[in-house]
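Heads up: the structure comes next, in structure tokens.
Sequence lines set the chain letters: A, B, ... in the order given, protein chains first and strands last, and positions in each chain run from 1.
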2 protein chains.
Amino acid sequence: MLDDRKAAILRAIVEEYIETAQPVGSVAVSRIPGLSVSSATVRNEMSVLERDGYLIQPHTSAGRVPTDKGYRFFVDSLTPTGHLDREQSEQVRTFFAKAHGELEKMLGDTSRFLSGLTDYAGVVVRQGADPGRIRSVQVVGLSARVVIVVVVLANGAVEKRTLELSEDVSDAHVAAASAHLARYLAGGMMGHAVSVPPTGDEMVDGIVRAAAESIVHPSSGGDGEPQVFVGGAARMAASFDAIGTVRRVLDILEQQYVLVTLIRDILDRGLSVAIGAEHGVQSLKDCSIVISPYEVEGEPAGTVGILGPTRMHYDQALAAVAVVSKRLGKALSEGVDGR
Amino acid sequence: MLDDRKAAILRAIVEEYIETAQPVGSVAVSRIPGLSVSSATVRNEMSVLERDGYLIQPHTSAGRVPTDKGYRFFVDSLTPTGHLDREQSEQVRTFFAKAHGELEKMLGDTSRFLSGLTDYAGVVVRQGADPGRIRSVQVVGLSARVVIVVVVLANGAVEKRTLELSEDVSDAHVAAASAHLARYLAGGMMGHAVSVPPTGDEMVDGIVRAAAESIVHPSSGGDGEPQVFVGGAARMAASFDAIGTVRRVLDILEQQYVLVTLIRDILDRGLSVAIGAEHGVQSLKDCSIVISPYEVEGEPAGTVGILGPTRMHYDQALAAVAVVSKRLGKALSEGVDGR
DNA sequence: CTTGGCACTCAAAGATACCGAGTGCCAGCC
DNA sequence: GGCTGGCACTCGGTATCTTTGAGTGCCAAG
């Protein structure tokens with residue numbers, strides 16, 4: 001749809017604009033090596049590219065700036081090298097060598113690390129259902145009607161669900177339910193249906209049913225919702241000079257629900273990059289998101305991503321996100337750090 | 001140290017400046033009701049206040065702006081009404097009526113709520129040691145050398161500590177240690193020393209000792225460090241117009257360690273407000289912090305606070321922070337929401 | 001001690017001119 | 001037909017200068 005020369009010109013303009021944040025003029029483009037045409041020719045091509053919606057002019061007598069469509073073409077035509085430069089690879093290596101600690105801490109650290117690596121904001125979303133193998137289940141009574149279910153997964157994650165029961169239960173009931181659940185759920189997978197046979201005691205079975213339900217159905221109760229970790233939000237401030245833009249973007253970064261929806265949306269569309277207004281969020285029209293899901297033990301467990309200005313270094317961002325998601329998945333699959 | 005008239009003039013200037021963010025001139029001050037002096041007199045007084053370090057002039061032929069010392073005088077002379085206005089009280093009521101869920105979620109929500117209430121950034125710090133009564137202790141093996149200790153507290157909080165042992169242990173050892181710890185620690189207080197008698201089995205005792213240590217000594221292992229929740233960081237962007245300032249402040253808000261140290265420092269000095277450069281953090285020289293510790297079941301459990309520009313509405317901030325810390329402590333003391 | 005008066009200062013806001021990067025278009029050339 | 005050099009034109013950005021007015025400091029008189 002774009003002949004070679006137009007494509008080359010468009011790519012050059014996008015690259016130049018990403019680098020300088022200044023509208024790109026025909027003379028600058030005509031100077032790129034490998035394209036030996038005069039600036040007049042470039043001008044003609046550029047005006048076609050503008051007519052077709054790949055570029056716009058901020059005003060007459062200024063150079064051109066890529067539109068979302070222009071960036072999209074650029075990103076799609078990117079040969080995914082998937083390689084970081086030497087220094088960055090080194091950073092990734094040291095980070096994951098040192099990475100350790102609780103799951104949440106690890107994910108938070110990863111978001112900050114991603115941000116430092118790319119100089120944009122880093123995001124890590126942990127999907128609600130942790131697909132780990134259940135290592136232990138325990139029910140603890142807090143008051144006459146409230147019990148808490150604590151599940152320890154093989155990777156060291158601890159899930160808790162607070163349950164409110166419909167009638168008072170005794171400590172003996174709770175203990176019986178705890179033992180019963182432990183017997184039937186240990187070794188199973190979090191979020192998978194498991195049938196737990198009744199014990200015969202109606203009180204105990206009530207607790208067992210509620211607890212099993214809360215484990216199988218991640219959305220019910222507890223912190224079953226996805227967790228979001230945002231790191232390096234401050235770096236967004238450096239990417240924009242309009243204070244209003246910064247504010248709007250930070251605002252979105254705090255609304256975890258919006259972020260999660262947004263990321264899920266991009267994944268559902270089979271994309272790994274969303275540019276400017278492609279995602280529906282008005283406040284992020286000057287931003288792009290680059291994401292990559294990660295898997296723990298072969299099961300999708302979450303997503304890592306980067307939020308930056310539309311004029312971001314897509315190649316680096318894509319590579320960074322890909323590498324980090326892979327390493328993160330691997331690190332988490334290995335279970336706790338001590339092994 | 002300041003006569004009545006100077007104090008009145010200084011207060012008027014601070015109030016006016018907080019309201020308008022513009023240097024305050026002598027004419028504006030001379031118009032305040034209750035002070036019937038001419039602008040010339042005010043000018044004389046103002047030049048004395050400047051000499052004494054309460055005010056500065058951005059440049060000749062501009063009005064005056066309060067210094068940190070000026071704000072300090074203002075804050076110290078504030079009669080603490082401790083009352084929020086009608087609408088805000090209403091907001092606090094509804095928030096705490098609806099507030100529920102996991103402890104972490106609750107604290108995060110509180111930080112966001114504080115931010116919404118005051119229009120500055122909200123901060124909640126949870127001190128490392130949760131002083132709750134221990135409801136249950138369990139040790140779960142993750143691999144041959146790694147075990148995780150899960151403690152459920154009476155208020156529904158779940159603490160975990162990952163331990164790496166010096167030698168391989170069997171499941172039987174872990175189970176024995178778990179049972180032994182449960183017997184001796186249940187009912188005790190988190191963070192308090194408890195003597196657990198040896199079992200005689202050296203393997204089991206090794207686990208028991210390590211686990212007990214991690215519970216008693218909150219700093220060792222696990223997520224014993226204080227947790228920080230920051231809400232409404234985006235609102236900081238509205239308070240400043242220099243993009244650099246916004247960046248620096250956001251940066252600090254992400255460095256949890258700095259925040260914790262800073263807040264502890266203020267508390268140690270017996271203050272509840274730190275203005276501008278009073279705290280040592282250079283990046284926050286244009287910010288003030290208003291804090292108030294909260295207690296759960298009579299024991300200090302953390303701190304809530306607000307970070308805003310030095311020209312913040314101190315009376316409202318102080319009242320908001322005081323009310324929220326009290327209500328938060330109460331809400332957490334009541335234990336889980338279901339009761 | 002207070003006050004009105006007055007000269008002085010200086011940032012901010014306009015006004016004006018200029019510069020130059022960049023465009024569009026055209027006529028000539030390959 | 002497509003490419004190119006040339007040229008007139010546009011228009012945002014910068015620099016310079018002026019004006020304006022809020023605000024000060026000081027002084028002499030009340």
Side-chain angles (χ1 to χ4, degrees), chain A residues 2-10 12-67 70 241-243 311, chain B residues 2-10 12-67 70 241-243 311:
Chain A
L2 286 187
D3 60 63
D4 286 357
R5 197 172 62 186
K6 284 197 188 60
I9 290 175
L10 178 52
I13 293 174
V14 173
E15 276 169 12
E16 181 72 10
Y17 184 70
I18 286 175
E19 213 55 54
T20 65
Q22 298 297 323
V24 183
S26 55
V27 181
V29 175
S30 70
R31 270 201 294 266
I32 63 170
L35 184 88
S36 19
V37 287
S38 75
S39 64
T41 310
V42 174
R43 275 202 290 282
N44 290 330
E45 298 286 49
M46 279 165 84
S47 80
V48 176
L49 285 170
E50 178 166 14
R51 182 168 45 70
D52 292 352
Y54 293 97
L55 299 174
I56 43 162
Q57 249 181 315
H59 44 260
T60 348
S61 95
R64 256 88 169 196
V65 167
T67 60
D241 38 275
I243 197 111
R311 43 175 287 272
Chain B
L2 287 187
D3 61 63
D4 284 358
R5 196 170 64 186
K6 285 196 188 60
I9 289 176
L10 178 52
I13 293 174
V14 173
E15 274 168 14
E16 181 71 11
Y17 184 70
I18 285 175
E19 214 56 54
T20 64
Q22 299 296 324
V24 183
S26 55
V27 181
V29 175
S30 71
R31 271 201 294 266
I32 64 169
L35 184 89
S36 16
V37 287
S38 76
S39 63
T41 309
V42 174
R43 275 201 290 284
N44 291 330
E45 298 286 49
M46 279 165 85
S47 80
V48 175
L49 285 171
E50 179 167 11
R51 182 169 44 72
D52 292 352
Y54 293 98
L55 299 174
I56 43 161
Q57 249 181 315
H59 44 260
T60 348
S61 95
R64 257 88 170 195
V65 166
T67 59
D241 38 273
I243 198 107
R311 44 173 288 271

Problem set entry | Distance, rounded to the nearest Å, where B:Arg51 contributes CZ and D:dG25 contributes P | 12 Å
For this session: Heavy atoms only: give me the nearest A:Asp241-B:Ile243 pair and the separation to one decimal.
Result: O-CD1, 3.8 Å
Seminar exercise, completed: Between CD1 of B:Ile9 and C1' of C:dT2 the distance, given in whole Å, is 13 Å
Exercise. In whole Å, what is the span from the CD atom of B:Glu45 to the P atom of C:dT2?
Worked result: 7 Å
For this session: Using only side-chain N and O atoms of B:Arg64, determine if any of them is under 4.0 Å from OP1 or OP2 of D:dA22.
Result: no
Exercise. Of all heavy-atom pairs between B:Ala12 and B:Ile32, which one has the smallest distance, and what is that distance?
Worked result: CB-CD1, 3.6 Å
Exercise. Within the distance-only criterion (no hydrogens, no angle test), does the side chain of A:Ser26 pair as donor or acceptor with the backbone N or O of A:Val42 below 3.5 angstrom?
Worked result: no
Exercise. In whole angstrom, what separates A:Gln22's CD from C:dG20's C1'?
Worked result: 14 Å
For this session: Would you indicate what A:Val27 reaches in the nucleic acid, counting non-hydrogen atoms under 4.0 angstrom: base, sugar-phosphate, or nothing?
Result: nothing
Problem set entry | Presence of B:Thr41 side-chain N/O under 4.0 Å of C:dT3 phosphate oxygens OP1/OP2 | yes
Problem set entry | Heavy-atom neighbours of A:Asp4 CG exceed 12 at 6.0 Å | no
Output one line per pair: protein atom, nucleotide atom from nucleotides 7-16 of chain D, and distance, for all N/O pairs under 3.5 Å.
from, atom 1, to, atom 2, distance (Å)
D:dT10, O2, A:Ser61, OG, 3.2
D:dC11, O4', A:Ser61, OG, 3.3

Problem set entry | Atom-pair distance (CD on B:Gln57; C1' on C:dC8), nearest Å | 13 Å
For this session: Under the side chain to side chain contact (heavy atoms under 4.5 Å, CB included) rule, what do A:Ser47 and A:Gln57 come out as? Steps first, then yes or no, please.
Result: CA-CA 10 Å; A:Ser47 80; A:Gln57 249 181 315; over 6 Å; no
Seminar exercise, completed: Sorted by chain and residue number, the side chain to side chain contact (heavy atoms under 4.5 Å, CB included) partners of A:Ala21 (sequence neighbours excluded) come out as A:Arg311
Problem set entry | Rounded interatomic separation in angstrom, taking CG from A:Asn44 and C1' from D:dG6 | 14 Å
For this session: Indicate whether OP1 or OP2 belonging to C:dG22 is found under 4.0 Å from a side-chain N or O atom of A:Ser39.
Result: no
For this session: Starting at atom CD1 of B:Ile56, determine the distance to atom C1' of D:dT24, rounded to an integer number of angstrom.
Result: 16 Å
For this session: Select base, sugar-phosphate, or nothing to describe what B:Ala40 touches, counting heavy atoms under 4.0 Å on all strands.
Result: base
Seminar exercise, completed: note: A:Glu16, atom CD; C:dA21, atom P; distance rounded to Å ~ 15 Å
Problem set entry | Trace of the side chain to side chain contact (heavy atoms under 4.5 Å, CB included) decision for B:Arg5 with B:Thr41 | CA-CA 11 Å; B:Arg5 196 170 64 186; B:Thr41 309; 3.7 Å; yes
